[in-house]
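Please find one structure pasted underneath; my questions will follow.
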Amino acid sequence: LYYAFQGVRIWPTDFVQAFIEDSLANRIWVDSEYAHEFIDNILTAFPRTVEQRAPSPPEPQTSSLKKEQRAALSSDTGSVEDKEILEGSANRYPEDGIRHQIQAWVMKMLHYSLSKLHDIHARDVDSTSILKNVLRVLSIVIGYADARLLASQHMESWICNQSAMRLARDLFERMVNNTTTSTNEDIEALLNVLRMKVKP
């Protein structure tokens with residue numbers, strides 16, 4: 001698909017939908033090294049985010065976007081090899097209207113997954129894989145203010161979960177570093193962080 005659409009300026013939103021659905025489910029292709037060029041271009045649908053660790057030498061904005069978001073995609077520690085990062089992907093979703101539609105759909109899917117997670121947990125069934133996938137996707141879309149708010153509402157329990165602690169801590173760091181606006185969502189997210197009671 002990447003080679004078929006490489007010369008197309010604006011990509012179908014169906015690609016983003018398929019990416020999020022697979023990311024939240026069985027991860028059949030989102031973790032595949034053979035799909036990285038395709039995924040790098042899909043990631044341009046999401047907002048750029050603030051680097052969560054010590055500053056590194058300046059890079060093109062598209063490269064910075066992909067490095068950070070692909071790191072969230074694939075590992076518990078949030079790290080990937082630089083050689084996996086494709087330089088210079090064009091923004092395949094440049095129109096504000098399309099980006100707003102994508103944001104609304106992504107948040108709907110996250111809320112649905114959290115609802116499913118709650119139902120599974122209530123039945124005393126292992127839900128670790130679902131939780132980890134939710135944390136990975138939230139890390140990718142943490143540039144959305146409503147994603148930061150959503151993460152802050154659950155972070156206290158997530159960060160204490162032994163099975164997903166590393167992903168949760170990485171998400172927490174990303175969330176805090178990107179909570180930089182004066183929107184109601186970010187203000188409420190900060191208040192949620194201040195209310196957290198987490199053991200060292």
- Considering residues at least two apart in sequence or located in another chain, which fulfil the side-chain contact (heavy atoms from CB on, under 4.5 Å) criterion with Thr183? Ala145, Thr181, Glu185, Asp186
- When rounded to the nearest 0.5 angstrom, what distance separates OG in Ser113 from CG in Leu131? 11.0 Å
- Task: Answer yes if Val193 and Leu171 sit in the same cluster of Ile, Leu, Val, Met, Phe, Trp and Tyr residues linked by side chain heavy atoms under 4.5 Å apart, and no otherwise.
- Result: yes
- Could you grab the distance from atom CG of Leu191 to atom CG of Leu149, nearest 0.5 Å is fine? 10.5 Å
- Message: Given 3.5 Å as the limit, does a donor-acceptor pair link the side chain of Asn177 with the main chain of Val50, or not?
- Response: no
- Message: Keeping Asn178 on the side-chain end and Gly143 on the backbone end, is there a donor-acceptor pair under 3.5 Å?
- Response: no
- Note on the structure: On a heavy-atom basis, the closest approach of Ile187 and Ser182 is CD1-O, 3.5 Å
- d(Arg136 CZ, Asp170 CG) to nearest 0.5 Å is 11.0 Å
- Would you say the side chain of His154 lies within less than 4.5 Å of the side chain of Leu114, judging by non-hydrogen atoms? yes
Hey, can you pull the donor-acceptor pairs under 3.5 Å for the side chains in residues 6-18, sequence neighbours left out?
from, atom 1, to, atom 2, distance (Å)
Gln6, NE2, Tyr2, OH, 3.1
Trp11, NE1, Phe5, O, 2.9
Trp11, NE1, Val8, O, 3.2
Gln17, NE2, Glu21, OE2, 3.2

- Query: Can Ile20 be reached from Tyr112 by stepping across I, L, V, M, F, W or Y side chains whose heavy atoms are under 4.5 Å apart?
  - Reply: no
- Find out whether Val137 and Met109 are in side-chain contact, i.e. whether some heavy atom of one side chain is under 4.5 Å from a heavy atom of the other. no
Going by atom type alone, with no hydrogens or angles, which donor-acceptor pairs under 3.5 Å involve a side-chain atom of residues 98-108 and a protein atom two or more places apart or on another chain?
from, atom 1, to, atom 2, distance (Å)
Arg99, NH1, Thr44, O, 2.9
Arg99, NH1, Tyr93, O, 2.8
Arg99, NH2, Ala45, O, 3.4
Arg99, NH2, Phe46, O, 3.3
His100, ND1, Asp96, O, 3.3
Gln103, NE2, Asp146, OD1, 3.0
Gln103, NE2, Asp146, OD2, 3.4

- Item | Glu156 to Arg195 - nearest heavy-atom pair and separation | OE1-O, 4.2 Å
- Query: So, do His36 and Ile39 sit near enough that their side-chain heavy atoms are less than 4.5 Å apart?
  - Reply: no
- Donor-acceptor contact present, side-chain Arg148 to main-chain Val176, <3.5 Å: no
- Are Leu150 and Gln153 side-chain neighbours, meaning at least one heavy-atom pair lies under 4.5 Å? yes
- Item | Distance, nearest 0.5 Å, that separates CD1 of Ile130 from CG of Leu24 | 9.5 Å
- Message: Using side-chain heavy atoms (C-beta onward) and a distance below 4.5 Å, is Ile159 in contact with Arg169?
- Response: yes
- Query: Between CG of Leu110 and CG of Leu117, what distance do you get to the nearest 0.5 Å?
  - Reply: 11.5 Å
- Query: Does Phe19 offer a backbone N or O that forms a donor-acceptor pair with the side chain of Ser23 under 3.5 Å?
  - Reply: yes
- Under the side-chain contact (heavy atoms from CB on, under 4.5 Å) test, which residues partner Asn26, sequence neighbours left out? Ile28
- Task: Without swapping roles, check the side chain of Asn41 against the backbone of Glu37 for a donor-acceptor pair under 3.5 Å.
- Result: yes
- Item | Chi angles and distances behind the side chain to side chain contact (heavy atoms under 4.5 Å, CB included) call for Lys116, Asp119 | CA-CA 5 Å; Lys116 183 169 67 173; Asp119 291 342; 5.5 Å; no
- Do Leu190 and Met196 belong to the same hydrophobic cluster, where Ile, Leu, Val, Met, Phe, Trp and Tyr are linked whenever their side-chain heavy atoms lie under 4.5 Å apart, directly or via other members? no
- First locate atom OG of Ser139, then atom CE of Met175, and finally report the distance between them rounded to the nearest 0.5 Å. 10.5 Å
- Query: What pairs with Tyr34 under side-chain hydrogen bond (donor to acceptor under 3.5 Å, both in side chains), at least two apart in sequence or on another chain?
  - Reply: none
- Query: Between Ser127 and Ile120, what is the shortest heavy-atom contact and its length?
  - Reply: CB-CG2, 3.8 Å
- Return the set of residues passing side-chain hydrogen bond (donor to acceptor under 3.5 Å, both in side chains) with Ser152 (not counting sequence neighbours), or none when no residue passes. Asn192
